[in-house]
2 protein chains.
Amino acid sequence: MKVKNYYKNLPHKTIERLSQYRRALLICLENGKTHIFSHEIASIQHITPVQVRRDLMLIGYSGTLRKGYNIQDLIDVISNIIDDEAGIKAAVVGMGNLGRALLKYIRGKRHKLEVVVGFDTSEDKIGKQYNGITCYSLDDLDRVVKEKDIKLAILTVPAAYSNDVADKLVKAGIKGILNYTPKPIRVPDEVYLEEYDMITTLEKVAFYIKMHQEEEEEEQQHSHDA
Amino acid sequence: MKVKNYYKNLPHKTIERLSQYRRALLICLENGKTHIFSHEIASIQHITPVQVRRDLMLIGYSGTLRKGYNIQDLIDVISNIIDDEAGIKAAVVGMGNLGRALLKYIRGKRHKLEVVVGFDTSEDKIGKQYNGITCYSLDDLDRVVKEKDIKLAILTVPAAYSNDVADKLVKAGIKGILNYTPKPIRVPDEVYLEEYDMITTLEKVAFYIKMHQEEEEEEQQHSHDA
DNA sequence: AATTTTATGTTATTTTTTTAACAAAACTTG
DNA sequence: CAAGTTTTGTTAAAAAAATAACATAAAATT
Ligand SMILES: NC(=O)c1ccc[n+]([C@@H]2O[C@H](COP(=O)([O-])OP(=O)(O)OC[C@H]3O[C@@H](n4cnc5c(N)ncnc54)[C@H](O)[C@@H]3O)[C@@H](O)[C@H]2O)c1
Ligand SMILES: NC(=O)c1ccc[n+]([C@@H]2O[C@H](COP(=O)([O-])OP(=O)(O)OC[C@H]3O[C@@H](n4cnc5c(N)ncnc54)[C@H](O)[C@@H]3O)[C@@H](O)[C@H]2O)c1
């Protein structure tokens, strides 16, 4: 029976929530708490306690009845699942406004997930340090990725270059890409790809604001009719 | 029969994809194309053509058999659904590294969705202009939000202040919040909330890199056994 | 000691989202 | 012009995710 890949079948959403649970748990631990109930975790994440318990069931973690979950234990269990033992090294590709902001933000946040270099094509940036991280030329991508065993790339180049740079990343042996470029990229199946577009999210918020507005208008109409 | 709120029941995911379709369509239009097939849209977004057609069916848009969809028409239809006629005004709250990067990025991208001001508490930033946008003191939130009819807030303050500032935004009458802070905030039901955490996404990518690694190790094991 | 309360863990159900199946129409080709 | 191909639009099925239901046990209360 497979043991190692047991967690492979966890729902994607559960993986996301595990990361969020851990972040919340770390804060609770700092505040001196030792145990936590499913409804407390749920409240922080504004989800239901059932969902929390179900996620924890899926990873096979058990709490204590009427006492809740041991925070340190749970952090360790989650870390064992989502963290790579040897740690995963990442690169920020495209050290512009967003790239530098991200670099600064991520730096030092996670023990097993570290941004170790940046890449850019601008002479102004190549060779410079940002938050203690060296920016290399994109021409050195292959070499640096291999030398430093970088597996993850955060893509923040101008949209026009997304695909070109993505191809280079794949060739260099990158295993996962987080694409913040508004242009969807194409990568082989064995490279894990996650894309996020801020405009889309923003437009979604705007849409639901609009919907809510229209609902209210309609309600007013009704009360006027009555 | 309700007409105005017909689109209220569209799946959330469809709304997201509509925004993405439009972005892709705008690029196609610029390139001089007039018509597009569902499989072309699908290929850009790396989803299936069926999903594209299903989404378009849901919004009641019809293409031409064997000719595809009229790009300009479709853009207009999507815009009619997701854009607010009067336009929605947004504020960036917390003009730090991320806030300024976002402001610069969003500026001028969409006709009906505009960032019109920034807010901060730092004396260094209050009164300054960033990309032509004035940064106001958080103390002026109520006044400015009302004066300029701002409905959407992009929250990029330090995590420690997320909740405080969110409360103020709600009191000021903001209708939707996009929270980039790693701390989930609580808002009343009538305020639409979208949260996004980069660390979570990053950890998700790292997790699937790890999983893929372990799968490969196992395969090697097997071929060794055989 | 019996009863009530509070939480967990699991199975069942519902909802949401994606994918598949296929009929119908328009064009192409032999 | 008949047969085949392509592409849409829709209904049906499957898969994924969230929610509900509930049995169980520890602690608190009566
Ligand atoms: N700024 C934001 O908040 C934001 C938000 C969402 C998405 N984005 C997207 O992220 C990307 C970067 O945005 P930005 O605001 O940081 O832009 P930016 O212009 O500030 O930064 C782009 C950087 O990429 C570098 N670059 C150019 N070509 C390159 C290449 N081939 N390889 C490596 N580096 C290269 C440039 O020298 C520059 O440093 C864009 O695609 C943008 O659409 C930005
Ligand atoms: N930098 C990133 O790429 C990144 C990525 C994801 C999330 N975040 C999150 O976004 C937030 C901002 O990150 P940052 O890197 O821009 O930080 P930053 O320190 O550069 O910016 C924070 C800004 O908020 C201002 N501020 C402080 N208190 C405020 C208040 N009460 N009201 C309004 N403004 C206030 C500060 O003066 C500063 O200008 C943080 O919560 C961070 O965790 C940042």
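Convention: sequence-line order gives letters A, B, ...; per-chain numbering from 1. Since this is a predicted model, take the numbers as computed values, not measurements.
DNA chain D is contacted by B:S62, B:G63, B:T64, B:L65, B:R66, B:G68, B:Y69 of residues 62-70 of chain B, taking any non-hydrogen atom closer than 4.0 Å. DNA chain C lies under 4.0 Å from no heavy atom of any residue of residues 198-207 of chain A.
Taking every heavy atom of both residues into account, A:D83 and B:K210 meet most closely at O-NZ, 2.7 Å. Nearest approach of B:V117 to B:I150, heavy atoms of both residues: CG2-CD1, 3.3 Å.
Taking atom CD1 on B:I41 and atom C1' on D:dT7, their separation rounds to 13 Å, with Å as the unit. Rounding to whole angstrom units, CD1 of residue B:I47 and P of C:dA20 are separated by 14 Å. What separates CD of B:Q45 from C1' of C:dT18 is a distance of 16 Å, to the nearest Å. The nearest whole Å value for the distance from the NE2 atom in A:H12 to the P atom in D:dA15 is 16 Å. Atoms CG (B:L56) and P (D:dT8) sit 9 Å apart, rounded to a whole Å. Rounding to whole angstrom units, NE2 of residue B:H39 and P of D:dT5 are separated by 17 Å. Here the P atom of nucleotide D:dT8 and the OH atom of B:Y61 are 11 Å apart, to the nearest Å. Note: CG (B:D55) to P (D:dT10) measures 14 Å, nearest angstrom.
B:I44 has its side chain out of reach of B:E40: every pair of non-hydrogen atoms, C-beta onward, lies at least 4.5 Å apart. The shortest side-chain heavy-atom distance between A:K112 and A:D84 does not fall under the 4.5 Å cut-off. Using a 4.5 Å cut-off on side-chain heavy atoms (C-beta onward), B:I106 and B:I154 make contact.
Distances from the side chain of A:R54 to the nucleotides C:dA12, D:dT8, C:dT17 place C:dA12 closest. The nucleotide whose nearest atom lies closest to any side-chain atom of B:Q51 is, among C:dT18, C:dA12, D:dA17, C:dT18.
Taking 4.0 angstrom as the limit, A:R53 places none of its side-chain polar atoms (N or O) nearer than this to OP1 or OP2 of C:dG9. Contact check, A:R17 against D:dA18: a side-chain N or O comes under 4.0 Å of OP1 or OP2. Look at A:S38 and you won't find any side-chain N or O under 4.0 angstrom from OP1 or OP2 of C:dA7.
Of the possible polar contacts, one joining the A:E195 side chain to the A:I185 backbone as a donor-acceptor pair under 3.5 Å is found.
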Practice problem: Any chance you could lay out the salt bridge (charged side-chain N to carboxylate O under 4.0 Å, His left out) test for A:D197 and A:K204, step after step, and finish with the verdict? | Solution: CA-CA 11 Å; A:D197 179 23; A:K204 192 180 173 190; over 6 Å; no

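Of the candidates B:T181, B:N179, B:T201, B:T201 is the only one forming a side chain to side chain donor-acceptor pair (under 3.5 Å) with B:Y196.
Side-chain contact of A:Q72 with A:D76: a donor-acceptor pair under 3.5 Å is present, judged by distance alone.
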